[in-house]
Amino acid sequence: PVELSPDEIDQVKSQAGRFNRVYVHGSYWINPASVMGVRQRALIKECSLASALGFTHLVIHPGSTRGQDNLSALRALARTLNDLARRYPQLTIVIENAAHGGQALGGDIADLGRLKDFLDNPDRAVYCIDTAHAFVYGYDIRSTQQQDDFIGLLDQALGLSSIGLIHLNDTSQQLGSRIDHHAAIDQGLIGLTALK
């Protein structure tokens with residue numbers, strides 16, 4: 001766990017206060033779709049720290065089904081998000097699309113759209129789209145037509161107004177590989193032209 005002195009907290013909060021929005025990324029090892037209570041404790045600690053430091057948004061990955069069916073995992077994720085919204089109304093939780101398939105939630109954009117069905121306030125749902133994650137999951141975004149198709153899918157499943165952040169990343173991994181390995185922009189397989 002991160003331990004910060006009151007002075008360090010004040011310094012970060014002072015800097016964060018200069019901006020309308022300040023994002024921080026949550027830990028990768030937390031599984032907010034788990035039915036186990038451990039997901040709550042770790043995520044609550046991160047939300048408490050983010051709030052104390054003056055962050056406005058916490059980006060998290062949707063998590064893993066871990067033995068549950070997809071629908072049960074989405075419901076568990078929604079329960080977690082509903083609880084966090086009640087506990088931390090000043091902090092916006094942002095759900096990022098995943099790179100992996102199998103037990104991972106949120107690689108399939110439709111999963112993120114279905115999540116809204118279980119949220120207490122679906123109109124407040126905010127998403128982060130990571131371009132590298134989308135590509136390695138299987139969404140080809142290299143051509144203008146493919147980008148238009150992907151944007152249309154995002155609009156249909158999530159609503160473009162629900163996308164609050166884009167992680168503009170390239171990747172060294174092949175389309176559909178489901179391997180999460182980023183590359184610097186213009187040094188990966190998506191390419192600079194497509195990312196522009």
Side-chain angles (χ1 to χ4, degrees), residues 20-26 28 30-33 56-65 70-71 73-78 80-82 84-85 91-186 188-196:
N20 290 332
R21 294 181 184 174
V22 185
Y23 293 79
V24 63
H25 203 299
Y28 288 98
I30 293 176
N31 182 9
T56 59
H57 293 71
L58 175 68
V59 181
I60 63 172
H61 289 183
S64 167
T65 59
N70 208 50
L71 191 59
L74 284 172
R75 286 183 170 143
L77 173 59
T80 298
L81 296 173
N82 289 334
L84 293 176
L91 186 65
T92 299
I93 306 297
V94 182
I95 305 296
E96 182 177 348
N97 64 311
H100 309 293
Q103 293 184 330
L105 284 175
D108 184 346
I109 298 301
D111 279 349
L112 298 179
R114 281 190 287 274
L115 175 64
K116 286 186 169 191
D117 293 340
F118 309 112
L119 294 174
D120 292 341
N121 296 296
D123 56 317
R124 293 189 60 213
V126 178
Y127 299 96
C128 169
I129 301 301
D130 185 303
T131 53
H133 293 175
F135 183 79
V136 299
Y137 187 79
Y139 297 105
D140 198 342
I141 54 173
R142 291 175 288 189
S143 75
T144 302
Q145 183 58 57
Q146 290 163 333
Q147 291 170 13
D148 287 346
D149 292 345
F150 184 62
I151 290 168
L153 173 68
L154 293 173
D155 194 21
Q156 181 182 15
L158 310 176
L160 293 182
S161 63
S162 295
I163 298 171
L165 187 64
I166 295 175
H167 283 174
L168 194 67
N169 292 306
D170 211 330
T171 178
S172 61
Q173 301 302 308
Q174 295 292 328
L175 173 70
S177 66
R178 300 192 178 178
I179 299 170
D180 188 1
H181 192 267
H182 292 188
I185 290 176
D186 202 27
L189 299 176
I190 300 173
L192 182 60
T193 301
L195 290 172
K196 279 185 178 181

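FYI, side chains are in, hydrogens and waters are out, and symmetry mates aren't considered; it's all heavy atoms of this structure.
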Donor-acceptor side-chain pairing of N169 and D130 below 3.5 angstrom: yes
Determine yes or no for a side-chain-to-main-chain donor-acceptor pair under 3.5 angstrom, with N121 supplying the side chain and D123 the backbone. no
Donor-acceptor pair, side chain of S177 and main chain of Q173, under 3.5 angstrom: no
Minimal non-hydrogen separation, A33 against A73, with atom names: CB-O, 3.6 Å
Any I151 side-chain heavy atom under 4.5 Å of L160 side chain: yes
Examine distances only and state if a side-chain atom of T171 and a backbone atom of H181 form a donor-acceptor pair shorter than 3.5 Å. yes
Residues forming a ring pair (Phe, Tyr, Trp, His ring centres under 6.0 Å) with H100, sequence neighbours excluded: none
Starting at CG of L154, measure out to CG of D149 and round the result to the nearest 0.5 Å. 11.0 Å
When every non-hydrogen atom of V59 is compared with those of C128, the smallest separation belongs to CG1-CB, 4.3 Å
Taking Q147 for the side chain and I141 for the main chain, is one N or O donor matched with an acceptor at less than 3.5 Å? yes
Working to the nearest 0.5 angstrom, can you tell me the gap between N82 CG and R124 CZ? 10.5 Å
Could you list the residues that satisfy ring pair (Phe, Tyr, Trp, His ring centres under 6.0 Å) with F118, not counting sequence neighbours? none
For side-chain contact (heavy atoms from CB on, under 4.5 Å), just list the numbers for R114 and L74, CA-CA rounded to whole Å, side-chain angles, deciding distance to a tenth of an Å, and then say yes or no. CA-CA 8 Å; R114 281 190 287 274; L74 284 172; 4.0 Å; yes
Are any non-hydrogen side-chain atoms of L165 and Y127 less than 4.5 angstrom apart? no
Any side-chain heavy atom of L189 sitting closer than 4.5 Å to one from Q174? yes
Rounded to the nearest 0.5 Å, the CG atom of L71 sits from the OG1 atom of T65 at a distance of 12.0 Å
Is atom CG of L192 surrounded by more than 12 heavy atoms (other residues, nucleotides or ligands) closer than 6.0 Å? yes
If you look at every heavy atom in K116 and P122, which pair is closest and at what distance? O-CB, 3.4 Å
Please report the C-alpha distance between D170 and D186 in whole Å, then the side-chain angles of each, then the deciding distance to 0.1 Å, and finally whether the side-chain contact (heavy atoms from CB on, under 4.5 Å) criterion is met. CA-CA 7 Å; D170 211 330; D186 202 27; 5.7 Å; no
Ignoring hydrogens and angles, state whether a donor on the side chain of Q146 or S143 is under 3.5 Å from an acceptor on the partner side chain. yes
Checking side-chain hydrogen bond (donor to acceptor under 3.5 Å, both in side chains) for the pair H182/H167: CA distance, chi angles, key distance, verdict? CA-CA 11 Å; H182 292 188; H167 283 174; over 6 Å; no
Please find the pair of heavy atoms, one from H57 and one from Y23, that lie closest to each other, and give the distance. CB-CD2, 3.2 Å
Nearest atoms (heavy-atom pairs only) where A194 meets I190: CB-O, 3.6 Å
For side-chain contact (heavy atoms from CB on, under 4.5 Å), just list the numbers for I129 and F150, CA-CA rounded to whole Å, side-chain angles, deciding distance to a tenth of an Å, and then say yes or no. CA-CA 11 Å; I129 301 301; F150 184 62; 4.0 Å; yes
If you take all heavy atoms of P62 and P32, which pair is closest and at what distance? O-CG, 3.5 Å
How far does CG of N97 sit from CD1 of I163, to the nearest 0.5 angstrom? 9.0 Å
Rounded distance [0.5 Å steps], OG1 in T131 versus CZ in R142: 13.0 Å
Test side-chain contact (heavy atoms from CB on, under 4.5 Å) on L58 and V94 and set out the steps. CA-CA 6 Å; L58 175 68; V94 182; over 6 Å; no
State the CG-CZ distance between L115 and R75, to the nearest 0.5 angstrom. 12.0 Å
Given D111, L81, L105, the one that forms side-chain contact (heavy atoms from CB on, under 4.5 Å) with I95: L81
Mind telling me whether H25 and H61 have parallel, tilted or perpendicular rings, with 30° and 60° as the class edges? perpendicular
